[in-house]
2 protein chains.
Amino acid sequence: MKYNKDTSEKILDAAVREFETKGYSGTRMQAIADRAGINKALLHYYYKSKDALFQIIIQKAFKVFIPKVISAIDEETDLFETIEKFTSSYIDNLIQHPRIPAFITLEINNNPERLLGLIQSSGVNVEKFKQKIDTAIEKGEIIDVEPIQLIVNIISLCLFPFVAKPIITGLVLNGDEKVYEKMIEERKQEVSKFIIRAIKK
Amino acid sequence: MKYNKDTSEKILDAAVREFETKGYSGTRMQAIADRAGINKALLHYYYKSKDALFQIIIQKAFKVFIPKVISAIDEETDLFETIEKFTSSYIDNLIQHPRIPAFITLEINNNPERLLGLIQSSGVNVEKFKQKIDTAIEKGEIIDVEPIQLIVNIISLCLFPFVAKPIITGLVLNGDEKVYEKMIEERKQEVSKFIIRAIKK
DNA sequence: TGCAAATTTAACCACATGGTCAAACTTAAC
DNA sequence: GTTAAGTTTGACCATGTGGTTAAATTTGCA
């Protein structure tokens with residue numbers, strides 16, 4: 001018998017919760033242990049250091065997203081369908097893991113090197129998407145846009161509502177979480193409609 | 001003679017730098033003192049605690065933005081002009097204070113209560129903007145959109161590129177800061193064009 | 001110049017934090 | 001039940017942290 005899978009999972013769950021809300025430096029090993037219902041020494045028995053635990057969690061977070069992102073872009077469909085598939089599946093994924101964007105934002109601003117390597121080596125390929133945009137422009141399907149601007153727009157519209165959930169809920173929606181959730185759900189359709197309307201000839 | 005304005009400013013500058021990049025819990029009083037070229041006791045002589053210093057900096061950050069945001073929305077112009085004025089002046093402001101969005105995002109996810117009160121009491125009024133959108137729909141100037149979705153879209157397109165600067169620069173722009181700056185500069189025009197094209201009838 | 005107030009400093013404190021360790025406990029196989 | 005490996009624990013340590021204090025230095029002004 002080796003590591004107890006159950007305990008190991010419990011720790012990971014607890015650590016994700018703590019890191020996602022408090023960030024790396026705001027998270028206390030004691031808090032993770034408490035949340036997992038174990039003691040600090042056991043925590044260090046399973047994961048040798050705070051840094052190691054953090055690294056593992058970041059990697060898991062990326063594994064959730066990157067493959068889906070890639071598959072949407074890679075498919076041999078036209079630009080409009082790509083945008084539709086990408087935004088809806090991306091937002092859908094984000095609904096299931098809503099705290100990840102804020103977490104990544106937090107940490108990438110704090111320690112860009114640590115995360116950038118991870119993202120870059122994960123195989124996301126923006127070039128392919130740029131080419132699709134260029135092709136659509138040549139074919140006269142969309143207006144003449146700067147591919148980078150369009151890509152930034154798409155990412156912004158998908159991600160920002162998750163990053164800024166407290167601001168949106170508190171400021172625009174008077175603190176109503178239900179309205180927030182409904183709005184996000186609608187965005188699975190609305191975002192691509194909005195984008196396509198903005199670029200279609 | 002009372003507090004030395006110069007020293008006080010130097011401390012504030014240093015503190016802003018530290019808090020903006022490291023967040024509240026990641027920031028060390030010693031680091032602020034070092035950056036300001038003074039020692040820790042003097043730091044506490046000017047600002048009684050880390051929390052107090054942080055509070056002052058947040059309030060300053062808000063004072064920079066809120067008034068400009070309000071003035072753009074308040075003007076008695078039509079929706080299209082409001083969007084143009086708002087996005088270009090907002091992005092322009094962000095260019096001058098590029099680290100504030102990430103800073104606010106970090107802290108609002110960490111401690112929503114502390115910041116939300118501040119924002120809410122600052123007099124930002126989303127209702128006025130909603131009404132402008134409703135009016136434009138009634139007049140048939142724009143297609144039938146959910147005002148909240150449009151507002152979230154506008155904010156997302158303005159803010160996200162600043163929040164996610166390291167991701168965009170690293171992943172989409174191959175680490176080229178100059179390209180990033182050029183792209184942001186162009187967004188002062190591009191964002192409103194994009195939005196208006198998406199909603200204009 | 002002398003003095004009182006403002007400013008700056010080095011040394012210090014209490015406490016929190018990440019991490020360790022040897023001992024105790026569980027478990028499954030023989 | 002004995003044993004040996006894996007698992008869990010309380011007590012502990014070194015260091016880093018925000019914050020204090022009393023004494024020294026500088027400053028403006030009579």
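Every heavy atom of this structure was used, including side-chain atoms; hydrogens, water molecules and symmetry mates were not. In the text below, chain A, chain B and the rest are named by the order of the sequence lines, each starting its count at 1.
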Taking the ring of A:Phe103 and the ring of A:Phe54, is the distance between their centroids below 6.0 Å?
yes
Nearest-angstrom distance from the residue atom [atom1] of [X] to [atom2] of [N]:
| X | N | atom1 | atom2 | result |
| --- | --- | --- | --- | --- |
| B:His44 | D:dG18 | NE2 | P | 7 Å |
| B:Lys40 | D:dT17 | NZ | P | 9 Å |
| B:Asp34 | D:dG16 | CG | C1' | 14 Å |
| A:Lys22 | C:dG18 | NZ | P | 12 Å |
| B:Ile38 | C:dT8 | CD1 | C1' | 9 Å |
| B:Lys50 | D:dG19 | NZ | P | 8 Å |
| B:Tyr45 | D:dT27 | OH | P | 14 Å |
| A:Leu42 | C:dC21 | CG | C1' | 14 Å |

Polar side chain donor-acceptor pair, [X] to [Y], under 3.5 angstrom:
| X | Y | answer |
| --- | --- | --- |
| A:Gln149 | A:Asn153 | no |
| B:Lys132 | B:Thr82 | yes |
| A:Gln96 | A:Asp92 | no |

Can you establish whether the number of heavy atoms outside B:Arg17 located under 6.0 Å from its atom CZ is more than 12?
no
Let's see if you can work this out: which of D:dG18, C:dT9, D:dT9 has an atom nearest to the side-chain heavy atoms of B:Asn39?
C:dT9
Is any side-chain N or O of [X] closer than 4.0 Å to OP1 or OP2 of [N]?
| X | N | answer |
| --- | --- | --- |
| A:Tyr47 | C:dG19 | no |
| B:Arg28 | D:dG18 | yes |
| B:Thr7 | C:dT8 | yes |

Per nearest nucleotide of DNA chain C, the residue lying toward the 5' end, B:Gly37 or A:Ala41, is B:Gly37
Would you indicate what B:Thr27 reaches in the nucleic acid, counting non-hydrogen atoms under 4.0 angstrom: base, sugar-phosphate, or nothing?
sugar-phosphate
